[in-house]
Protein chains: 2
Amino acid sequence: MTEITSPPRSPSGIDIAEWTRDRIRKGRLVPGQRLVEVDITRQTGASRSKVREALQRLEGEGLVQIDPFRGASVRTASIEEVRQIYRARIALEGIAAGDFVRNADAGQRARLRELQEKLESCVAGNAPERFGRLNTEWHGLLVEGSGNAVIADVLRRLNVPIHRLLFESFYNADRLRVAIADHALIIAAIDANDPDAAEAAMRKHIADGFHTLSAIDHEVRG
Amino acid sequence: MTEITSPPRSPSGIDIAEWTRDRIRKGRLVPGQRLVEVDITRQTGASRSKVREALQRLEGEGLVQIDPFRGASVRTASIEEVRQIYRARIALEGIAAGDFVRNADAGQRARLRELQEKLESCVAGNAPERFGRLNTEWHGLLVEGSGNAVIADVLRRLNVPIHRLLFESFYNADRLRVAIADHALIIAAIDANDPDAAEAAMRKHIADGFHTLSAIDHEVRG
DNA sequence: CGACACAATATTGTCAACAATTTCGTCGGC
DNA sequence: GCCGACGAAATTGTTGACAATATTGTGTCG
């Protein structure tokens, strides 16, 4: 062996797919918005070929929709699709909670409790945005601790179309308190080393989250 | 209104992504195999740009892996990844079985029973390939009847990397009989209108499928 | 014979130009 | 004022050429 093989450096410039993904996540690009190739070209400095490849990739990931001769637009999730996504979340995060009990190490358990305390500190201060971020982190940590990268990846993708929704419900102080109580139940089941109880509690937590959402939606539209 | 708006016809030629996806599913392209752009160009008649866009899309779908300056190759699933995929299947097909009880109409229930009878006819004839196809259809119909297109889509993607594996286990006659018995249990739960029992039976069915697989793998490699 | 340097080839990365199609604005008729 | 025809602009579809990198082949030296 002569030399450490240098890691193959990426082709060049910034990754358009990542750039776009970020802007969708941050809410800078709203659902339904059209993604004009030349605009992205101007804003990123990349050529159209790269932009087109990135958009195709994003359609593969299910983030954007491409219509012939009409280009790409940020995919919109209908109410029915949101329901279906939540159903998938119930299944996946549920089993992940059970697997967290089975597989997570002490450090991950500790970090989960730390995050929980931070979440609790948001209740008094009424900080919904911060709560939303920490909540995302909490759920992410739980899935990570389950030791299943495939499920983690699927959940990341499923969450993108409903990213904004995940934050909106936390502007209601009651919802915050209920969510924290749910988390506490899940953590209790984890501490008791009871996978089934953890799974059941997580399922209930997410189902409640959806019900809160549909209530909001009903209010807004009705 | 002057004329029926003609559906926007697709740009041109065949869809490279679909063409490649098919060849992967059919086993014509094995995991790890490199996908050279020019080769696909020659075989499909498309230009390289379109091939590149298709490959990017397929990487977005998780079917292929693209390394800088080395191109695309059919993604290989490690044993650990297969385990994780099965864990996700347990969660998703489990909840789908429960939702089938809640949402499927009479026609879908009838078709499920029809397929089951066809599956049973394979046991005597010892037709593993046919059994594999019908089995895929059976599981597909169940998810379709659950009324959740999101879960159906996720499962389709998850199944691609393990497509061959799904067939291999059925070359064992015992496994065929066990699988059919599992299906019968699930159908019994459906007929009894018991979602929880259906979910539990489906979970067990898929978990058993994975155990059979790991046994085969152990045998082959050990 | 094996290891290394170096050239030749194969393959991927990038870009700009042109063609096809949609979208938008304008104008005339009723 | 509304509707359609029609042309201009905007946008996407497609292709080919060239640059950068990796892979393979070859010959020389020890």
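Just so you know, these numbers come straight off a predicted model, no measurement behind them. Numbered from 1 within each chain, the chains take letters A, B, ... in sequence-line order.
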- request: Quickly work out the A:E53 CD to C:dG13 C1' distance and round it to whole Å.
  value: 9 Å
Using a strict cut-off of less than 4.0 Å between a Lys/Arg side-chain nitrogen and an Asp/Glu carboxylate oxygen, indicate whether [X] and [Y] qualify as a salt bridge.
X	Y	result
A:R203	B:E199	yes
B:E18	B:R21	yes
B:E61	B:R57	yes
B:D208	B:K204	yes

- request: Using a cut-off of strictly less than 4.0 Å, decide whether A:K50 has a side-chain nitrogen or oxygen near OP1 or OP2 of C:dG13.
  value: no
- prompt: Parallel, tilted or perpendicular: which fits the ring planes of B:H139 and B:H205, with parallel below 30° and perpendicular above 60°?
  reply: parallel
Filtered N/O pairs between nucleotides 6-12 of chain C and protein, under 3.5 Å:
from: C:dT12; atom 1: OP2; to: B:E37; atom 2: N; distance (Å): 3.1

